[in-house]
Structure formats: structure tokens, C-alpha cells
Visitor: 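First the structure, which I've put down as C-alpha cells, then a few questions once you've had a look.
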Amino acid sequence: MKNLSRLVAIVLVMVMAMSMLTVANAEGKVLRLTQNVEMDTMDSGNTGDGYTTSIMSLLVDSLFRLDANGVPQGALCESYEVSPDGLTYTFKLRDSKWSNGDPVTAHDFVYAWKRAVTVEYGFEHIFLFNYLPIKNMPEINKGTVPSSELGVSAPDDKTFVVELTAPCTWLTSFLCDCAFGPLNQKFVEACGDQYALSSETLLTCGAFTLDNWTAGDLTWTLTKNPNYWNADKVKLDAIEYQVIKDTQTGIMAFETDAADMVILTSDLVDMYQDSEAFFSAPTTYSWYVVPNFNVPELQNVNLRYALGFAIDREALVTDILADGSRAKYDCNYSDVFFNAAGEEFNSVRPDFWSCDKAAAAKYWEAAKAELNVETLTLNFTVEDSESAQSVAAFIQSEIETACPGLTINLQVMPKAQRLDDMETGNFQLALHRTGSSVPNVLAKLGQYTTGQALNYAKYSNEEFDTLYNATLTETNAEVIWNNCLDLEEMAQKSGVAIPVYRTADCLLLNPSITGYVKNLIGISWDFMFADIAE
Amino acid sequence: MKKYVLKRLLMAVVTLLVVLLLLFTLMEIMPGSPFNNPELTPEQRAKIEARYGLDQPFFNRYINYIVNMVQGDFGVSYNIQQNMPIADLLVKRFPVTIRIGLQAIVIGVLMGLVMGILAGFNHNKLMDSIMSALAIIGVSMPAFAFALLLAYFVGFKWQMLPFLYSAKSPFLSSILPSLTLAMSPMASVARYTRSEIIDVMNQNYITLAKTKGVSKPALTIRHVLRNVLTGVITVIAPSVVNVLTGSLVVEKAFSVPGIGGLLITAIQENDYNVTFTLAFIYCALYILVMLTVDILYGLIDPRIRVTKGE
Amino acid sequence: MKDMQNVQHLTEEERRLVGYNADEFVDENFSGHSYVKEIILTLFANKATAISLICLLVIVLFAIFAPMLSPYTYKEINSKTTNMPMRIPVLEDLGIFDGTRKGVDMYAKKGIEDQYHYFGTDNLGRDIWTRVWVGTRISLLIAVLAVVLDVVIGVTYGMVAGFFGGKIDMIMQRLIEILTGIPNLIIMMLLLLAMEPGIPTICLALAITGWVNMSRIVRAQVLKLKSNEYVLASRTLGASPKRILLKHLLPNTMGQIIITFMFSVPHAIFFEAFLAFIGLGVPIPMASLGTLINDGYRSAMLYPYQVLCPAAVLSVLMLSFNLLGDGLRDAIDPQMRSM
């Protein structure tokens with residue numbers, strides 16, 4: 001017995017000793033970040049996932065980079081000129097090198113852009129190029145013109161020219177996205193199908209390099225690139241990434257100081273409400289209840305109003321979500337569109353929507369009378385993520401309580417199926433999330449025009465279409481502003497999309513991390529100039 | 001024996017083909033596309049699908065897949081790891097899952113045997129009740145409850161073992177996941193061993209050996225275990241495949257880079273190639289394990305070989 | 001009394017050696033009890049089995065009546081009373097389950113001192129006590145329905161294969177081999193994604209993957225009984241296969257069927273919980289024990305009672321079924337222990 005317990009003691013000590021020998025971290029200032037999905041690809045023409053673009057922006061510089069005030073600063077672009085009619089942009093590139101020694105030239109940009117819009121390659125992020133009025137882009141989309149005819153050119157190694165068909169005031173901030181970055185043609189074509197699947201088949205020219213990585217890894221490290229043109233402003237020596245899928249495991253990692261940033265979900269927000277480490281920032285992702293206008297009952301505007309006024313959005317975001325999400329009453333994006341006087345678009349006029357249960361009941365009575373029914377059942381299509389289900393259950397309860405006789409059936413399905421159902425019109429009500437990739441409210445309002453691909457509600461209003469088309473060709477900024485305000489009012493009053501809430505990124509962030517930039521649009525997290533306070 | 005094995009292998013090939021056909025059909029019926037960025041228009045989505053050959057007729061794709069598979073080309077992933085050849089994707093993850101799975105089985109069987117033996121030899125005494133209770137708890141508690149308990153207390157509160165899998169210390173960080181996975185086989189083995197031992201202990205030849213004065217350990221090893229072993233193999237055979245192919249729950253909780261949750265994610269994300277490849281692997285493994293069990297059974301228990309009864 | 005089971009298979013000689021009075025023994029066993037009564041007596045002799053049967057009955061009673069008697073419904077959302085701690089009337093005077101969290105009386109804070117939530121509330125303010133019992137109802141319903149379907153398909157298949165033997169048996173066995181070659185998870189996932197998620201679909205998915213076990217056991221039993229004299233006698237007398245199957249073989253297989261039934265139910269409950277964990281459980285706002293555990297798991301570090309309450313009920317349920325099955329098996333057919 002004594003021998004046995006001694007043996008057990010020795011084994012325990014050995015185990016503990018071994019567990020202490022497991023550290024082999026990078027030297028110097030190391031930031032440890034986590035995320036809950038793997039990177040999907042390092043091909044800058046194809047990546048769009050928020051985490052991946054943040055990482056890409058550290059590996060491959062683009063023309064511009066947004067600073068802490070959201071103003072685009074030149075990255076690979078040293079200076080630029082705009083033609084008087086606003087249709088031609090000439091970018092002068094600074095000296096920079098790829099990780100294999102090749103210089104970064106304007107041809108790299110031309111190659112990358114033309115490659116991204118080549119439809120046969122099947123890059124998902126071709127839609128980003130659709131937002132820009134680049135010459136020949138619509139024709140390339142239709143297939144009438146080859147992608148080599150895209151309106152970009154490189155008169156010499158250091159000059160990159162972009163030709164537009166209409167002025168675009170937000171071009172420089174939009175060009176911060178990695179999809180508009182350069183690609184080394186020789187290298188990419190030599191790698192063929194293997195491009196960007198491992199460190200060996202990836203070229204970088206940014207502030208950090210990526211070594212010892214293969215696609216699908218759950219951990220990887222970015223190391224500082226000493227040859228970067230702006231290297232002296234980069235404070236970090238390395239950034240370590242780890243994929244942690246379970247929120248509670250992430251919190252444990254944060255608490256044991258194994259990570260500096262972890263995701264916090266609504267379920268666990270109460271643990272850290274008053275903590276220094278609690279971080280929450282709004283995003284442009286917004287959730288709407290989308291009615292299908294092809295369903296006869298939903299064509300009754302009073303029914304749509306009843307649905308929208310019954311939802312207590314404030315209770316939803318304060319009591320249930322509690323992660324910094326905000327109630328939403330408009331049909332486009334907040335904090336994105338400003339006029340010359342600096343006013344924000346959604347603050348200029350009062351919103352039509354609000355929470356008014358008495359009004360909802362009255363609209364429901366009116367709808368019942370007009371539709372000649374006493375009860376009604378509507379299907380509510382929801383994707384199967386946990387937050388979506390909680391929100392949907394809440395909305396169901398709100399509507400059913402405020403409108404007695406109205407029954408909402410929840411239909412839960414995977415996201416791919418939900419999108420498919422919305423596209424084919426196989427739904428009655430759906431909980432839909434949209435986000436903004438562009439700082440352009442008109443583009444969002446365009447989604448409510450007749451026949452637009454993303455107009456899942458199949459809403460059609462001639463007045464709306466006419467005003468929208470007129471605004472597209474308008475050049476006077478004030479007219480555009482007022483037209484957009486009118487369009488927004490029409491969209492809200494039509495009930496084409498009932499706004500619910502605007503999501504927030506909610507995390508635990510080590511308070512000693514400073515110098516990071518959190519953007520609303522484009523690259524959400526920018527750790528380029530981050531620093532760790534001692 | 002050879003004929004038997006060959007016949008089983010032939011059945012295996014037929015099964016695999018049928019399974020793949022079934023899967024192809026079901027994925028065909030399922031709505032949705034692997035490319036579901038909400039900002040893509042349907043035309044753009046159609047073009048992307050065409051690029052990957054998803055617009056070809058059903059049988060063309062089926063035959064193509066099988067032809068490619070035989071040559072070792074399992075296709076590329078569509079959205080889990082875009083454009084990555086699946087063979088490469090799995091080659092890194094598979095060993096981790098297998099390793100944790102094997103560890104779990106070894107731990108499970110050993111601990112189960114010990115528990116069962118202790119319970120069986122002390123039938124109707126306190127030790128029996130304790131061991132039986134533990135075993136039944138092992139069968140009744142869901143895996144993620146164990147995972148959370150172990151991670152929280154052993155990993156976080158008492159900081160005895162790492163609760164995140166890390167390639168830097170593969171052995172240590174695989175202990176907690178293996179323990180969690182081992183609970184279920186351990187419980188089944190314990191319960192089975194216990195009842196078998198109780199049965200065997202009451203047999204005539206044991207009573208005879210006892211009266212002859214054979215000591216308890218010798219009794220155990222020579223007579224009891226041999227009989228129990230055949231049954232144990234049958235008991236754990238089905239769980240072997242489940243454990244080897246990893247558990248979604250365990251891999252999610254401990255951040256293990258394995259293939260555990262990959263199948264479920266692939267089906268939900270409509271990543272067809274990953275689904276087919278993984279399903280193929282699961283089936284092949286299952287059939288292999290069953291075949292091995294049958295052969296082992298025949299080897300260990302001569303009665304089976306002789307009678308060849310079903 | 002409890003040692004009775006140990007000596008049942010010994011010969012009379014050996015019993016005397018061990019010290020049992022032959023008369024005592026004979027009185028107990030051959031005093032004219034019917035088969036069923038004998039089973040029930042043996043069953044209750046085993047303490048563990050008796051306790052588990054009582055637990056099971058208690059749970060079923062709660063599942064039926066608790067939601068009816070509760071002032072809350074299972075889907076009543078109240079955003080003002082989210083994540084309330086447990087509060088049980090009598091126990092709160094003892095200092096436990098008194099609705100406080102970190103010393104603060106949450107019920108007073110929210111101004112609902114007159115309300116009781118025995119198991120607290122979840123993140124949407126729904127009463128967990130009501131949800132747990134409604135969930136138990138649904139879990140039991142799904143499990144029992146699935147296993148009944150299991151039994152119907154499996155028994156038919158097994159009896160036909162076992163009785164007719166020969167070529168029919170061989171084909172049927174090959175079919176089973178192909179079917180079992182497909183991993184259960186894949187069948188279930190694809191079924192559930194292709195059809196509308198709901199109780200019937202889940203039952204169907206569970207049944208389709210579970211009937212093979214039942215058919216194997218029935219087939220083995222039929223093979224064993226087939227060679228008995230009374231079957232031969234029936235056949236010579238010209239009885240149709242259907243009559244032989246239903247009148248002679250089925251009743252004698254009933255014991256095995258009941259035992260397998262008892263063990264399949266916890267297996268089905270468990271699997272349903274697993275399906276809930278991967279997101280394929282009963283659709284919201286309905287609840288099953290599985291979906292409740294899955295929901296509570298997400299905040300287990302912060303509000304452990306949200307996962308512990310349904311998990312406790314699930315564990316007791318499964319434990320009871322398993323122990324009951326053990327006891328039944330010991331009573332009906334001790335030789336079946338090798339299953």
C-alpha cells in the first residue's frame with residue numbers, strides 16, 4: 001500500500017513537471033487573439049470572412065488603410081490624383097517588396113483586379129467589384145466583355161490607373177479591402193491550384209509574415225516583417241492566433257491569461273458587465289423581419305404594421321441580448337452616411353417604426369376586418385444559430401401577445417437553406433441579416449427596387465423605382481441626400497423590411513492592448529499598430 | 001477463412017457504392033448551395049457552381065466522383081476551406097482524432113475491466129454498488145457534461161491539465177479529451193464485465209478451482225478473463241468506430257483540430273465533397289472494424305470457429 | 001431472500017451443501033405462481049429495480065401533472081425576469097434555493113417577491129420547472145414512439161428471417177449488413193435536413209437506425225425456438241406460418257422484446273439529446289430534455305442551474321430505465337446477460 005501511494009505521488013509530480021514544459025511561445029511583444037472559425041482561405045481575391053480579412057490586411061497591404069478616425073491613409077499608395085470629372089484615379093505607388101524579393105508593381109494590382117472579376121474562376125467576392133462603377137464591370141458581369149477589358153491599367157511600374165463611369169466619393173475608403181490588393185502574377189500562376197493553401201504558396205508584402213501554416217490549421221502565428229516600409233510604426237513582434245469554438249472554453253483561456261481577446265456571447269455577458277475587459281462595438285449587421293409580398297395576407301399593409309409595432313426592441317437588446325446590440329428602426333445603415341454639415345443620415349428625420357403595442361393591436365384589428373378573418377397563422381423562417389432562435393422566439397411571443405388570434409410558426413433551418421428559401425420565395429416571414437460592405441446608403445436602398453436580386457420580399461413600387469433611378473444619375477450631393485431621405489421614408493412606411501436590431505461585436509479584450517482600430521465597414525479589426533502596455 | 005474475408009470485402013464494396021449513391025441523392029434533394037454569401041446574386045452563384053462542375057447531371061457527377069476517388073482525388077472543399085484538396089485537409093486532422101480515439105478506447109477498456117472485476121468479485125457488497133453506480137452514471141450523462149466538468153474543474157479551477165488542445169504538447173493536452181471520450185466505453189465494458197464475472201464465478205469449474213485452493217488472482221487471469229474477453233470485444237466494437245471518428249462535442253469543447261465535427265458542419269454547409277469523403281471513411285472504418293472483430297472472435301473463441309454458427 | 005437468485009441454477013445437492021433447506025426453497029418456487037407473477041416478485045425482490053420503478057413513476061407523474069399545475073406556460077417569455085435563480089418555497093427558509101445570487105435577493109430586486117420559480121428562469125425569462133416537465137413529456141414521447149416503431153419493424157423482420165430461414169434469411173441479412181454499414185449519424189442528419197424537423201421526423205429517424213438490434217435479437221430467439229417440439233407438432237398438424245409465428249413463437253419471444261425495449265428507450269432519449277446538441281432537436285419553442293440541456297449548457301459557467309436541472313432529470317430517467325432493464329433481464333432470462 002505504501003509503495004502504491006509513493007508510486008502515485010511520483011507519477012503526479014512527473015505529470016505536473018511535464019505540464020510546465022509545454023510553453024514554447026514567440027519572443028517579445030506577442031498579441032494572442034482567438035476566433036471561433038478557421039480562416040477559410042488566404043487568397044485575397046476570394047476572402048471575405050471578417051476574421052480572415054483582418055488577418056489578410058496585416059499580410060498584404062492594399063492601396064489605403066483606415067486610421068482611427070475612419071479616414072483612409074495611403075498604404076501602398078503614396079499619393080494619388082483625381083481627374084476633374086472624378087472619373088479617373090491615378091495612384092502613385094511607393095516602394096515595397098514581396099516576401100520573395102520581387103518588387104510590388106502596378107502590374108500586380110492590374111493582375112489582381114482582373115483575376116478577381118473573371119467569373120470563370122468563381123470568386124465569391126466579385127460582388128465587391130460590382131459596387132464600384134468601374135468601366136466595363138457591368139459588361140464583364142453579363143459576359144459580353146472579357147475580364148481583361150476591365151477599366152484598370154498600369155502605364156508604368158509605379159502608376160496604377162482606375163477608370164470609372166461615375167464619380168465615387170468613397171472610393172478611397174472602399175479600396176482598403178484586401179480584394180483590391182496586389183498579387184504577384186508570376187508566383188500565383190506558378191502555384192496554380194495550390195495558391196494560398198500553405199505558407200510556401202503564399203506571398204506577402206505587408207507588416208507581418210505567415211510561416212509554418214497550412215490551410216485548416218487551428219493555430220498560426222504572424223511575425224513582424226522587418227522589411228516593411230512602415231516597420232518602425234509597428235510595435236508588435238508577433239501575433240498568435242488560436243481557434244476556440246466553444247465560448248466558455250474561450251473565457252477560461254482568457255481568465256488563465258492564455259488569450260488577449262475572446263468572443264463573449266449574450267449568455268455569458270452578465271459575468272463581465274462591469275469588467276474592464278468588456279468590449280462592445282456596433283457593426284453594420286442588422287436583422288430584419290422580411291415579409292413575402294407574394295403572400296396575399298401580407299399584402300395588407302395593416303398586418304405588416306401590426307407585426308412591426310408589436311416588437312419591443314429595447315427589451316430585446318437590453319434584457320435578452322445585453323451585448324451592446326442596439327434597437328433598429330430604420331431600413332438602411334447607421335453611422336455610415338453623413339452630409340456636408342456632418343449630420344448622420346438616420347438622425348435627420350424621425351423613424352416611422354417604434355414599439356407601440358396599442359397601435360399594433362389596432363392595426364391587427366384593421367387587418368382582420370380587411371382580410372375578413374378572425375385568426376391567422378404565419379410561418380416565420382429562421383436560421384439555426386442560437387442567437388437567431390432566441391430573437392425569433394422573442395418576436396413570436398411579442399407578436400402573439402400584442403395581436404391575439406395571430407399565430408406565428410417558427411421554422412428553423414440551416415442558413416444555406418434559409419437563403420435558398422428566401423431566394424425562391426418559399427417563405428412567409430423570414431428573419432434576415434444584412435450587412436454593409438460599402439459606405440453607400442443608395443446601394444442599400446437599391447435592394448428595395450423591383451426585381452433586384454436581393455429584394456427577397458419581392459416588393460414593387462413604381463414611385464420608389466423612379467426616384468431611385470433618377471438619383472443614380474444625379475450629381476448634386478444635396479439632391480442625392482434629400483432623395484435618399486425620401487426613399488428611406490418610403491421604404492420604412494412600406495414595411496418591406498421590418499427592422500429589429502443592429503448587432504454588436506462583443507468580446508473580452510485585455511485592457512492593456514492599445515492602438516487597435518475598429519472599423520464599421522471594411523476591415524473590422526486592424527491590429528497593425530497595436531501595442532501592449534506593460 | 002480466406003473465402004469468408006473475401007466475401008465480406010465484396011459486400012463492403014457494394015455497401016460503399018450504395019451509401020455514396022444514397023448520399024448523392026439526398027444532397028441533391030437538399031436545398032441550398034455551398035456558396036451562400038447573401039450578397040451574391042443568383043446568377044453569380046450559378047456561375048460559381050458551374051466552375052466547380054455542380055451544374056452537370058446527377059449521374060455524371062456520381063461516376064466522376066467514384067472514378068476520381070479510386071485514383072485518390074477526393075475533390076476540393078467548397079466553403080469549409082475553400083479550394084483545399086480534401087485529402088490534404090483530412091491528412092492533418094485525422095491522426096489527431098485517431099490518436100485521441102485510441103487513447104480513449106485503451107483507457108475505457110482498462111478502467112472498465114478494473115471496475116467490472118472489482119464489482120463482480122465483490123458482488124452484492126458495497127464495492128459492487130459503488131462501481132455499478134459509477135458505470136451507470138457513465139452511460140447516463142451526456143458527453144458534453146463530462147467535457148465541461150473536466151475542462152472547468154481539472155483544467156481551469158485546479159489547473160492540473162491543459163483544457164485546450166495544443167500541438168505543442170500533444171500528449172498532455174489530449175488527456176482531458178481522451179478521458180471524456182472514454183467514459184462511455186468504460187461504462188459499457190464495466191457493466192458487461194461485472195455481469196460476466198458474476199455468471200462465470202458461479203460456474204461449476206470455478207467452484208472446483210476454489211475448493212482446490214487456487215488463489216484469487218490466478219483464478220481471475222486464467223479462467224475468468226479469457227471468457228470475458230470475447231464478449232468485451234463485441235461490446236465495444238460499435239463504440240470503437242464512434243470513438244475513432246471523434247466526437248463533435250469533445251472536439252468543440254477542447255478545440256481539438258480533428259475531424260469530429262467536420263461531417264456535421266459539411267452537411268449543414270452543403271460542402272458536398274467533404275460530406276462524401278467523410279461518409280466514405282466512416283463506412284469503410286466501420287466495416288473494417290466489424291470484420292476485424294469477427295476474425296478476432298473466431299481466433300479467440302475456438303467454439304465459434306468450429307461451429308461457425310450465427 | 002436476496003441470495004435466492006444465486007442458487008437457482010444449482011442442483012439440489014449443491015443447494016444443501018451451501019446450506020439451504022430444500023423444503024423452504026421448494027415452497028417459494030413451485031407454489032403455483034404464474035409466470036408473470038413470478039417475474040414481478042423477482043423484480044421487486046431486487047431493491048435497485050424497485051426504487052428505479054418508483055422513480056420512473058414519479059417522473060412520469062410529474063411530467064403529466066406539473067405543467068398543468070404550474071402558473072407559467074412553457075413558452076411564456078418575459079424579458080424582465082431573465083436568468084432568475086432557483087426559489088423553492090419550503091427550502092428557502094433553510095437558506096438554500098432562496099432566490100439570491102451573490103447575496104442579492106434577485107426576486108426582490110425585480111419586484112416579484114410573490115413569485116416562485118422552482119428551477120429558476122432561462123435567458124428569455126421562461127420558467128424552467130415547467131419547461132423541464134414539458135420537455136420530459138416530449139422526450140419520453142419521442143423515445144417510446146421511436147422504440148415502438150423499432151419493435152414493430154424489428155420484430156416482423158426478425159421473425160420472418162428467423163422462421164423462414166434459407167434464402168429469405170440470407171437476403172434479409174445481407175440487406176441488414178448494407179444498412180448497418182451506413183453510419184447512423186449520416187442517415188439521421190440527412191433525414192432530418194431533408195424533411196421538416198419535428199417530433200414525427202425525429203421518431204422516424206431514431207426508429208430507422210434502431211430496429212436492426214431488435215431484429216437481430218428476435219431472429220436469434222426464433223432460431224432457438226424453431227426446433228422445439230411444439231412448433232414441429234403445429235407444423236405437422238398443418239398450421240400456417242402466420243399462426244405459428246403469432247401464437248407460438250411471438251409469446252415466447254416477448255420476454256426478450258420487453259427487455260430490449262427497456263434498454264432501447266434510454267438509448268433513444270440519449271440520442272435525441274445528442275441531436276438537440278447538434279441543432280437537430282425539436283423545433284423551438286417546444287422543448288425536450290435535450291434542447292433544454294443544450295440551451296443551459298451555453299451559460300453553464302454562469303448559471304449552472306440552467307443545465308443541471310434538466311440534466312439531473314435526464315440522468316435519473318436513464319438510470320431508472322437501465323436499472324429496470326437490468327432487473328427485468330435478471331428476472332426473465334438470466335442467460336441474456338451476455339447482451
Visitor: Of all heavy-atom pairs between Ile244(A) and Leu164(B), which one has the smallest distance, and what is that distance?
Guide: CD1-CD1, 3.7 Å
Visitor: Using non-hydrogen atoms only, which part of Gln452(A) is less than 4.5 Å away from chain B: side chain, backbone, both, or neither?
Guide: neither
Visitor: Let me confirm one number: the CZ-CG distance from Arg93(B) to Asp217(A), rounded to the nearest 0.5 Å.
Guide: 8.5 Å
Visitor: Any chance you could measure Leu89(B), atom CG, to Glu38(A), atom CD, to the nearest 0.5 Å?
Guide: 8.5 Å
Visitor: Looking at Pro414(A), Ala253(A), Ala196(A), Ser198(A), which makes the most heavy-atom pairs under 4.5 Å with chain B?
Guide: Ala253(A)
Visitor: Which bit of Met39(A) is near chain B, if near means a heavy-atom gap under 4.5 Å: side chain, backbone, both or neither?
Guide: backbone
Visitor: Side chain, backbone, both or neither: which part of Lys92(B) has an atom under 4.5 Å from a heavy atom of chain A?
Guide: side chain
Visitor: Could you give me the CA-CA distance, side-chain angles and deciding distance for Phe163(B) and Thr256(A), then say whether side-chain contact (heavy atoms from CB on, under 4.5 Å) is met?
Guide: CA-CA 11 Å; Phe163(B) 56 82; Thr256(A) 54; 4.0 Å; yes
Visitor: Using non-hydrogen atoms only, which part of Val76(B) is less than 4.5 Å away from chain A: side chain, backbone, both, or neither?
Guide: neither
Visitor: Please answer whether the main-chain N or O of Ala253(B) pairs with a side-chain N or O of Thr249(A) as donor and acceptor at a distance below 3.5 Å.
Guide: yes
Visitor: Taking Val37(A), Thr247(A), Leu197(A) one by one, which has the highest count of heavy-atom pairs under 4.5 Å against chain B?
Guide: Leu197(A)
Visitor: So for Asn141(A), is it side chain, backbone, both, or neither that comes closer than 4.5 Å to the heavy atoms of chain B?
Guide: both
Visitor: Above 12 or not: heavy atoms from other molecules or residues under 6.0 Å from OH of Tyr52(B)?
Guide: yes
Visitor: Are more than 12 heavy atoms, taken from residues, nucleotides or ligands other than Met111(B), located less than 6.0 Å from that residue's CE atom?
Guide: no
Visitor: Can you give me the closest heavy-atom contact between Phe156(B) and Met252(A), atom names plus distance?
Guide: CB-SD, 3.3 Å
Visitor: Heavy-atom count around Asn212(A) CG within 6.0 Å, excluding the residue itself: above 12?
Guide: no
Visitor: Any idea which of Met422(A), Lys245(A), Gln417(A) has the most non-hydrogen atom pairs under 4.5 angstrom with chain B?
Guide: Gln417(A)
Visitor: Output the option from Asp246(A), Asp420(A), Thr434(A), Asp193(A) having the highest count of non-hydrogen pairs under 4.5 Å with chain B.
Guide: Asp420(A)
Visitor: Identify which part of Asp384(A) has an atom lying under 4.5 Å from any heavy atom of chain B, answering side chain, backbone, both or neither.
Guide: side chain
Visitor: Can you tell me which portion of Tyr165(B) sits under 4.5 Å from chain A's heavy atoms? Options are side chain, backbone, both or neither.
Guide: backbone
Visitor: Hey, what do you get for NZ (Lys157(B)) to CD (Glu255(A)), rounding to the nearest 0.5 Å?
Guide: 10.5 Å
Visitor: Dump the intermediate steps for side-chain contact (heavy atoms from CB on, under 4.5 Å) on Thr214(A) and Met84(B), then the final yes or no.
Guide: CA-CA 10 Å; Thr214(A) 318; Met84(B) 181 161 200; 4.0 Å; yes
Visitor: Do any N or O atoms from the side chain of Ser255(B) and from the backbone of Val243(A) form a donor-acceptor pair under 3.5 angstrom?
Guide: yes
